[in-house]
2 protein chains.
Amino acid sequence: MNKDLLVKIYEEMERLNYRPNPAARALVNHKTGIIQVVIYNKLSAKDIYFICLMSSVIEYLSKNNYSIIVKHGYDKFSNCDGMIIMGLSQGDDIAMFKKIDIPTVLFGKTEQNVDYVDINNSQGMYLATNYLIQNKYKNIAFVTIDDNEPFCKERLNGYFKALKYNKIPIKKEKVFLTNNSIEGGQSIFNKILECAPDAIVCSTDLIALGIIEGAKRKDINIPKDLAVIGFD
Amino acid sequence: MNKDLLVKIYEEMERLNYRPNPAARALVNHKTGIIQVVIYNKLSAKDIYFICLMSSVIEYLSKNNYSIIVKHGYDKFSNCDGMIIMGLSQGDDIAMFKKIDIPTVLFGKTEQNVDYVDINNSQGMYLATNYLIQNKYKNIAFVTIDDNEPFCKERLNGYFKALKYNKIPIKKEKVFLTNNSIEGGQSIFNKILECAPDAIVCSTDLIALGIIEGAKRKDINIPKDLAVIGFD
DNA sequence: CTGAAAGCGCTTACAG
DNA sequence: CTGAAAGCGCTTACAG
């Protein structure tokens, strides 16, 4: 086909405001150009951590000419070229995803045999704890989520690892459990104070925010009187 | 069709893991079940304001069995049942949306004749400013975005309205312009100090964060030495 | 190289 | 009431 004709065709497309129908294309190509992000159970679309993840996913897929569909609840998923599952927890039924022939990646490790991506939870907490130790903090408490998720265990392990590495005795009384929210951090704060820490390592940023809020209310100055570090 | 048969059919659907193909459905129904959110020009998918909006939109549409597709750049839009355009600014070409037969709503007022939703910018700033006045602040500065967008004008008007209402003389020297970012707030802070305000009304939350940061660096205590209020 | 035909997986109007 | 056929808007293999 010669170029002049091609140009004319494009001009006419423009004039008629023609746009190919993606549904028709998807039907014949068996390819939708859509990646589906499924927000599972516990995760809220308002969770800041999720939101940050999402915006990066959107930005990346958009650049690569993929559309991204966001849904709550995996049972609602429909055909697409791939799925990213977020907010899945240990007890959830994953069998579903194995049945489907849609490529699926979980965000966050589970103990089941499914593809996933995750951050290095253990290393993150190791670095945070070790940093405090290097800066001469002696009595470092750890607050984490009262949950059996792999990432919680790993983060706790990172804390332990740093203590061991620096030959500091591990004391279970310095490990505190709460729920993953600002309120969670705040409500556990007074209890943590009982072990008179000079630093608190928080398993999540939300908990750290709660701890900071708790300190404010007690007129404890951060970082002068108490060091707080969070991670996510 | 009798119920037993219906149940059998559903069971078989389950067993075969059958799911209707939405592309085929869309093709015949002329309805995609998809609302497209288009992120325009200046807006980043990382902007916290946008992100909060987005998560509410997702939550709402998800409940109503709509899928939401997020894209950057309006030229990429494809067929869908409706579009929400975010981050459009004054100079942008809107003609496009009028040509298309897809129902479209802009987020944020423009001076062109298109459907939009927006918050009451003027009233918001009026309330913020008036609140400070009611609380005995005398010398209230205003920082806003160095931009010609309608929402900027409206917010400035709200500030003026509150002053007028309280019979406080309007002084242009107390209005400052910067760009909409934490850095923007921070960089204008010292200049604002020159008019010795006891309170600063910020046209956006990002600017307010910058102002607070600037105050911190000068060891100015908020809210003891200086009141800061933001809005978005 | 060009153009008509078949087919993607559905829904709905229509014939039997 | 049931079942076959047409058609949604594309792409691609195929006939000419």
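Per chain, numbering begins at 1; letters A, B, ... match sequence-line order.
Salt bridge present: A:Glu12 and A:Arg15 bring a charged side-chain N and a carboxylate O closer than 4.0 Å. Electrostatic pairing of A:Glu149 and A:Lys109 does not count as a salt bridge here, judged by no charged N lying under 4.0 Å from a carboxylate O. Under a 4.0 Å N-O distance rule, the pair A:Glu213/A:Arg217 qualifies as a salt bridge.
Look at CG on B:Asn21: it is 16 Å from P on D:dC10, rounded to the nearest Å. Computed from coordinates, the B:Leu6 CG to D:dC1 C1' distance equals 15 Å when rounded to whole Å. Distance A:His30 NE2 to C:dG7 P: 12 Å, rounded to the nearest Å. What separates CG of B:Leu27 from P of D:dG9 is a distance of 7 Å, to the nearest Å. Summarising the geometry, the separation between CG on A:Asn29 and C1' on C:dG9 is reported as 14 Å, rounded to the nearest angstrom. Here D:dG9 presents its P atom at 16 Å from CE of A:Met13, a figure rounded to the nearest Å. Between the C1' atom of D:dC10 and the OH atom of A:Tyr18 lies a distance of 7 Å, rounded to the nearest Å. Residue A:Lys31 contributes atom NZ, which lies 12 Å from atom P of D:dT12 at whole-angstrom precision.
Ring geometry, A:Tyr126 versus A:Tyr165: the interplanar angle exceeds 60°, so the pair is classed perpendicular (tilted spans 30 to 60°).
Remark: D:dA4 base-pairs with no nucleotide; criterion is Watson-Crick or G-U wobble with both hydrogen-bond distances under 3.5 Å. Look at C:dA13: it lacks any Watson-Crick or wobble partner with both distances under 3.5 angstrom.
At the phosphate of D:dT11, OP1 or OP2 sits under 4.0 Å from a side-chain N or O atom of A:Arg25.
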